[in-house]
Amino acid sequence: MPHPPPSEDRNFLDHYFSTVYNKLEADALLFNRKLPHAGLVGSENENAIADVIRAFLPPKFGAEVNALVIDRFGKVSKQIDIVIYDAET
């Protein structure tokens with residue numbers, strides 16, 4: 001099956017990522033207008049971005065919001081907005 005010319009691929013990708021961006025922007029506007037607390041707005045924005053990231057990750061990986069990271073020595077990080085991790089280990 002022949003592949004489309006590179007310009008068609010590029011147009012598809014431009015359109016796709018423009019749509020993803022527009023959805024994130026619409027969500028952010030909604031959160032900023034409707035939620036009464038800045039912390040809630042930030043959390044909802046992080047959840048929306050994490051949902052987009054999850055859509056691109058292979059099943060082997062996960063993404064969580066508002067997490068702490070513990071290293072192999074037991075040291076705990078400060079709160080991290082979005083963490084991507086290997087869900088199989």
Side-chain angles (χ1 to χ4, degrees):
M1 182 176 216
H3 291 282
S7 61
E8 287 182 31
D9 285 342
R10 179 69 184 171
N11 288 338
F12 171 78
L13 288 174
D14 286 345
H15 177 71
Y16 178 78
F17 286 110
S18 177
T19 301
V20 170
Y21 173 82
N22 289 338
K23 165 102 173 61
L24 282 173
E25 186 175 44
D27 286 346
L29 288 171
L30 176 67
F31 302 147
N32 290 327
R33 289 184 182 152
K34 298 294 181 184
L35 294 175
H37 186 272
L40 291 174
V41 170
S43 291
E44 288 305 315
N45 285 329
E46 292 158 8
N47 282 320
I49 293 169
D51 287 343
V52 170
I53 292 170
R54 285 183 196 106
F56 288 96
L57 290 175
K60 164 183 171 125
F61 296 101
E64 292 297 328
V65 296
N66 300 318
L68 301 175
V69 175
I70 303 170
D71 71 15
R72 65 185 179 134
F73 303 108
K75 185 175 178 188
V76 180
S77 72
K78 294 180 180 178
Q79 185 267 332
I80 298 175
D81 293 339
I82 299 174
V83 174
I84 298 171
Y85 62 93
D86 184 340
E88 293 181 355
T89 59

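Start at 1 with the first residue, then count along the sequence. Here the structure is a predicted model, which is why all the values come from computation and not from measurement.
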Hydrophobic cluster membership, Leu30 vs Ile49, 4.5 Å side-chain cutoff: no

Under the ring pair (Phe, Tyr, Trp, His ring centres under 6.0 Å) test, residues paired with Phe17 that sit two or more places apart: Phe56

Hydrophobic cluster identity match, Val69 and Phe61, side-chain contacts under 4.5 Å: no

Pairwise distance CD1(Ile84) to CD1(Ile53) - rounded to 0.5 angstrom: 4.5 Å

Close side-chain approach of Arg54 to Asp51, heavy-atom, < 4.5 Å: yes

Shortest non-hydrogen separation from Leu57 to Ala63 and the atoms involved: CD1-CB, 4.2 Å

Non-hydrogen side-chain atoms of Ser43 and Asn66 separated by less than 4.5 Å: yes

Rounded distance (nearest 0.5 Å) linking atom CD of Gln79 with atom CG of Leu68: 7.0 Å

Interatomic spacing from CG in Asn47 to CD1 in Ile82 - rounded to 0.5 Å: 8.5 Å

Student check: side-chain heavy atoms of Ser18 and Tyr21 closer than 4.5 Å: no

Qualifying salt bridge (Lys or Arg N to Asp or Glu O under 4.0 Å) pairs with a residue from residues 80-89, counting only residues at least two apart or across chains: Lys60-Asp86

Heavy-atom closest contact (Gly62 atom, Ala87 atom, distance): N-CB, 4.2 Å

